[in-house]
Each structure stands twice: as C-alpha cells, then as structure tokens.
Amino acid sequence: MSLQRTLSIIKPDGVAQGNVGDILKRFEEQEFQIKALKMLHLSPQQASGFYAVHRERSFFQDLVRYMSSGAVVVVVLEAPDAVVRLRELMGATDPRQAAEGTLRKLYATSIEKNVVHGSDSDENARREIQYFFSDSELLD
Ligand code: ATP
Ligand code: MG
C-alpha cells in the first residue's frame with residue numbers, strides 16, 4: 001500500500017504521566033514519519049466536535065471532560081498502511097484487552113484514560129487532520 005496519513009493524539013493522561021517522549025519514540029521506531037505536531041489544551045467545544053460521532057453514547061460527557069482536562073499532543077503520522085498500523089500499535093480501547101507491547105497495554109489505566117487516539121479509517125484520518133492542522137502546517 002502507498003503512503004497514508006493518520007492522526008494520533010497523546011491524550012491528557014499520557015501527557016500528565018510523562019509518556020510523550022516514549023510514545024513519540026515508538027512512532028519513530030515503528031517507522032512512522034512525523035509530519036506535523038502540536039501541543040494544545042482542547043476546549044470542551046473542540047473535544048465535543050472531535051468526538052461528535054460519539055455524542056449519543058452514555059460516556060460522551062465524561063469523554064469530553066477528560067479530553068479537555070489537560071494538555072494533549074496532536075500528531076500527524078505517515079507510513080504505508082498508517083491507519084491500521086497505528087491502531088495495532090495502540091492496542092484495544094480497553095487496556096485489559098490490549099495485546100502485550102501495545103501503547104495502551106503499557107500506559108493506559110482504564111477504558112476512558114487510554115493514553116492515545118488513532119483515526120479508524122482513511123476518511124476519518126483526513127477529516128481529523130483537517131480538524132487540527134491548516135494546509136500550511138502540514139509538510140509535503
Ligand atoms: P479513539 O477514538 O480515542 O482512538 P477507540 O477508537 O479505540 O479510541 P472509541 O470507541 O472511538 O475507541 O471511543 C473513543 C474514546 O471514548 C475511547 O478511546 C475512550 O477514551 C472513550 N470510551 C470508549 N468507550 C468507553 C466506555 N465504555 N466508557 C468510557 N469511555 C469510553
Ligand atoms: Mg475511535
């Protein structure tokens with residue numbers, strides 16, 4: 001497969017726990033290229049917009065509160081098959097179900113505080129990258 005881009009977020013728990021350096025190192029070791037990166041503190045409005053697909057879910061309010069509770073690091077990653085490969089590196093949503101060696105197995109503390117986000121399709125990756133980055137912030 002040709003090069004693809006995906007969006008990752010190191011979530012507030014990952015930043016607060018001091019996992020930023022380790023997670024960025026894992027991305028690079030797994031041969032993802034970092035194409036854009038910024039640290040942000042999401043407003044509740046930005047967090048709700050980002051996770052709008054989940055607005056009917058019972059955990060939505062908690063999710064918005066958590067995602068806007070502290071700084072996050074938003075990263076655009078490029079690799080062959082980047083969407084699927086990032087999801088593999090992250091592990092299952094619930095860290096109790098995450099495979100050994102995955103980021104969530106290593107660092108997540110609950111199904112909510114699960115350290116990292118990754119886009120779940122090429123279409124969503126494009127939408128999510130545009131949500132956070134302007135064209136001039138994205139490297140060719
Ligand atoms: P993400 O979209 O953040 O990469 P995901 O695709 O593995 O995670 P989703 O189903 O899209 O999982 O859920 C989005 C986020 O909502 C989860 O990562 C987690 O932080 C939170 N979440 C999901 N399910 C639950 C739940 N049952 N209870 C509490 N929080 C949840
Ligand atoms: Mg998701």
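Keep in mind the model is a prediction, meaning the values are calculated, not measured. Counting convention: from 1, in listed order, for ligands and their atoms alike.
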(request) Check if Lys11 has a non-hydrogen atom at a distance under 4.0 Å from any atom of ligand 1. (result) yes
Purely on distance, is any nitrogen or oxygen of [X] under 3.5 Å from one on ligand 1?
X      : answer
Gly118 : yes
Arg57  : no
Tyr51  : yes

Where does [X] meet ligand 1, judged by heavy-atom distances below 4.0 Å: at the side chain, the backbone, both, or neither?
X      : answer
Lys113 : neither
Ile111 : both
Arg87  : side chain

(message) Does the plane of the ring in Phe27 sit parallel, tilted or perpendicular to the ring in Phe32? Use 30° and 60° as the thresholds.
(response) perpendicular
(message) Can you tell whether the side chains of Arg126 and Asp122 come within less than 4.0 Å, N to carboxylate O?
(response) yes
(request) Before accepting this row, confirm whether a basic side-chain N of the pair Glu29/Lys25 lies closer than 4.0 Å to the acidic partner's carboxylate O. (result) yes
(message) With a 3.5 Å distance limit and no angle check, can you tell me whether Gln4 reaches the backbone of Val83 through a side-chain donor-acceptor pair?
(response) yes
(message) Could you check whether any side-chain N or O of Gln130 sits under 3.5 Å from a backbone N or O of Arg127, counting only pairs where one atom can act as donor and the other as acceptor?
(response) no
(request) Return yes if a side-chain donor-acceptor contact under 3.5 Å exists between Asp13 and Tyr107, otherwise no. (result) no
(request) Just go through Asp94, Thr93, Asp62 and tell me whose heavy atom is the nearest to atom 5 (P) of ligand 1. (result) Thr93
Please list the nearest protein heavy atom to [atom] with its residue and the distance rounded to 0.1 Å.
atom                    : answer
atom 20 (O) of ligand 1 : Glu112 O, 2.8 Å
atom 14 (C) of ligand 1 : His54 NE2, 3.6 Å
atom 2 (O) of ligand 1  : His117 ND1, 3.1 Å
atom 23 (C) of ligand 1 : Phe59 CZ, 3.5 Å
atom 21 (C) of ligand 1 : Leu63 CD1, 3.8 Å

(request) Compute both the distance and the angle, then confirm whether Lys38 meets the cation-pi test with Phe133: under 6.0 Å from the six-membered ring centre, within 45 degrees of the axis. (result) yes
Evaluate the side-chain proximity of [Y] to [X]: yes if any heavy-atom separation is below 4.5 Å, no if none is.
X     : Y      : value
Val75 : Ile9   : no
Arg65 : Phe60  : no
Leu7  : Tyr131 : no

Within the 4.0 Å heavy-atom shell around [X], which atoms of ligand 1 are there?
X      : answer
Met90  : 4 (O)
Asn114 : 17 (C), 18 (O), 19 (C), 20 (O)
Arg104 : 1 (P), 3 (O), 4 (O), 7 (O), 8 (O), 18 (O)

